[in-house]
Asks: 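My questions will all concern the structure given below.
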Amino acid sequence: MALSPDASTASATDGTGPEQTERVAETVEGFRVSLSNFDGPFDLLLNLISKHELDITEVSLSKVTDEFISYLRQLGPEEDLDEASEFLVVAATLLDMKVAGLLPQGELVDAESVALLEARDLLFARLLQYRAFKEVSAWFERCLRREERRHTRSVRLDEKYRNAVPELAWSLSVDDFAALALLAMTPKEIPHVGLDHLHAPLVSIREQAAIVVTLLRDAGTLTFRQLIAGANQPGVVVARFLSVLELYRHAALSFEQLEPLGELTLRWSAQRWSDENLATLGADYDR
Amino acid sequence: MTDDAADAPHVATDDVARKLEAILLIVEEPQSLVSLAAAVGAPVPAVRQAIEALVDDYDGRAGGPVRGFELREVGGGWRLYVREELDDLVSEFVGGQAPSRLSQAALETLAVIAYKQPVTRSQVASIRAVNVDSVVRTLLARGLITELFTDAETGAINYGTTDALLVHLGINSLDELPHISPLLDGADEVAGDVFDGGARR
Amino acid sequence: MTDDAADAPHVATDDVARKLEAILLIVEEPQSLVSLAAAVGAPVPAVRQAIEALVDDYDGRAGGPVRGFELREVGGGWRLYVREELDDLVSEFVGGQAPSRLSQAALETLAVIAYKQPVTRSQVASIRAVNVDSVVRTLLARGLITELFTDAETGAINYGTTDALLVHLGINSLDELPHISPLLDGADEVAGDVFDGGARR
């Protein structure tokens, strides 16, 4: 659902990047809530809910939503786009929930409002489920920590038994082996943007990224407004925005935004860019 | 060795136990009763009895001293471990670096996979509400999860946990995972709905 | 055997013996009395006495059963071995295992070592982003890699592949490995790139 934040500064020792959490946690200090285990927007949401000492009700929810959105507004231009985008999906989700909550309960006449309410229930259920897994993960951690201290016997087989070991079943050709080496040494998975919140992938992000690259590389600097000039489909605008995010991840561009919600200026800043990157950039979205 | 019918039970158990000790000394993985039975050429019940006797023996309940090692059942089999209270002594002796721990995101992803396996990456992502690709890769590289099969229709890979995970958790089977069904009643449905409804890409 | 609690020397020996058993369970190489004494924090004579007691104990001369393992002094050090008369059983067990396949993790580690040799374990670990200790042990035991030399400064062991790998791959020398540039242009740089790259997710 949410964008995973760019882990460009995340620790390399663990691909999951503990620092990523820290960075986001810093962003969130403005919320004045206890963030002992902050781990992303949903966590933040749960924290906010618990802060209001209420179960998830419409009232608390709209309050939480307001707080969340107002925090989002405060995110200044100095904030990383990645960090901000991390919150966008949750903000959208919350808005959905708020809208659903504001619907008069007794007047369920059209299918659309029923669907909205169902969507809200679904989101509640999902929050609860998320919390369940979060809680049980503490048990996992406890067990793993306890066991990592344990020592089991694990020594090399004595020479005299080694002759008896059955021949290794080997099926790799030398080319397979080289491919495996490449696989092992290349961080080749493409960070991708979840499009769960979009209803249908109408536009190819790869194509839009190609356009963005072409426009931006030629011009050097463009505002986002200029970049989407002439794009009259919302899907195209969204896809261009997402490709901007993706290109930022590839360190192909930088951006500037002088005031909140102000003009977004993009600058082509790729040190080494190969159009091959494009081939993989959109692969996840256009099927 | 079990010629003598008179004191057969004792001699047999001792003999089976001795053979088991030899096998347990050289194995790299927990060994199931069946595999041990095949190794020592004894019926499974006799092996189970001998294993139980060894556990008691090493724990000092058979008249001998408490041993510095113990026999534990983890990950679906039996394996020799340093006795827990001596772990610090051994850690000090072997030195070595602090193990790299799993991040919170990895732990949660692991939990989702453990409870919902077989499960695809996008299903996990829809529950975790974040991109889990790199986390899944870490868990795969650590051998805690594995690719079970590929969905014929969607081509999506389904993941599940490994026996190595059980060993790392110090449990013998997935049945020993804490029960969280009250929290997850209807969770499948929810995940399914979310997946169908919103997770298309 | 040492039921008599009043017997202080025995209790002390039991305690030292238990610690020794813990250490002996996990060591790969025979350990000298001095090293064992340091490990368990006991004077050498006490360790010698405890070792002798354990030898007798495992051999069934201390009232307990004859164990499937024995404690032997080899090359100036002590280590646990399978009791000699059970060697055949162990060989048979080992030989009866299904022809083993290397795990994906082992294969990937082997590939990294093949292309980056000489390479230390921690270098491999940083490329693979996981601990590779047990995998390296497997590859060593399989004779697919070997210890090339020890870095004079850091003491880190550098590993390389063996002829056995070449045979499996059907090539005559490492030169015949397919080139997988640009990743391998400048090994150090690559290590850095891969390292940084791995974290960008």
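Chain naming here is simple, since letters A, B, ... match the order of the sequence lines and numbering starts at 1 in each. Computed from a predicted model, the values in this text were never measured in an experiment.
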Asks: Determine which residues belonging to residues 167-175 of chain B lie within contact range of chain A, meaning some heavy atom pair is under 4.5 Å apart, and list them by number or answer 'none'.
Replies: B/V167, B/H168, B/L169, B/G170, B/I171

Asks: Can you name the nearest heavy-atom pair linking B/A111 to A/V136, along with the distance?
Replies: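 That would be CB-CG1, 3.7 Å.
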
Asks: Given a strict heavy-atom distance threshold of 4.5 Å, which part of B/R72 is in contact with chain A: side chain, backbone, both, or neither?
Replies: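 Just its side chain gets close to chain A.
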
Asks: What is the distance from atom CZ of B/F93 to atom NE2 of A/H151, rounded to the nearest 0.5 Å?
Replies: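 Result: 10.5 Å between the selected atoms.
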
Asks: Verify the neighbour count for atom CD of B/E73: are there more than 12 heavy atoms of other residues, nucleotides or ligands below 6.0 Å?
Replies: yes

Asks: A/L144 versus chain B, heavy atoms under 4.5 Å apart: side chain, backbone, both or neither?
Replies: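 A/L144 touches chain B through backbone and side-chain heavy atoms alike.
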
Asks: Calculate, to the nearest 0.5 Å, the distance between atoms CD and CG belonging to A/E147 and B/L165 respectively.
Replies: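 So the gap between those two atoms works out to 11.0 Å.
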
Asks: Would you call A/R150-B/E70 a salt bridge at under 4.0 Å N-O?
Replies: yes

Asks: With the side chain counted from C-beta on, respond yes when B/E108 and A/F140 share a heavy-atom pair under 4.5 Å apart, and no when they do not.
Replies: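 The answer is no, as the side chains (C-beta and beyond) never meet within the 4.5 Å cut-off.
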
Asks: Quick one: does any side-chain atom of A/S154 pair with a main-chain N or O of B/E28 as donor and acceptor, under 3.5 Å?
Replies: no

Asks: Do the non-hydrogen side-chain atoms of B/I26 and A/L157 ever get within less than 4.5 Å of each other?
Replies: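 Answer yes - side chains close enough.
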
Asks: What part of B/V27 lies closer than 4.5 angstrom to a heavy atom of chain A: side chain, backbone, both or neither?
Replies: backbone

Asks: Taking every heavy-atom pair that is under 4.5 Å apart, which of A/R149, A/R145, A/E141, A/R146 has the most such pairs with chain B?
Replies: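 Most heavy-atom pairs under 4.5 Å with chain B: A/R145.
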
Asks: Within the structure provided, determine whether A/C143 and B/E176 are in side-chain contact (heavy-atom separation under 4.5 Å).
Replies: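 The answer is no, as the side chains (C-beta and beyond) never meet within the 4.5 Å cut-off.
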
Asks: Check each atom of B/A114 against the heavy atoms of chain A and say whether the ones under 4.5 Å are side chain, backbone, both or neither.
Replies: side chain

Asks: May I ask you to decide if B/L25's main-chain N or O and A/R153's side chain share a donor-acceptor pair within less than 3.5 Å?
Replies: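 Answer holds: yes.
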
Asks: Among residues at least two apart in sequence or on other chains, which ones pass side chain to side chain donor-acceptor pair (under 3.5 Å) with B/N158?
Replies: none

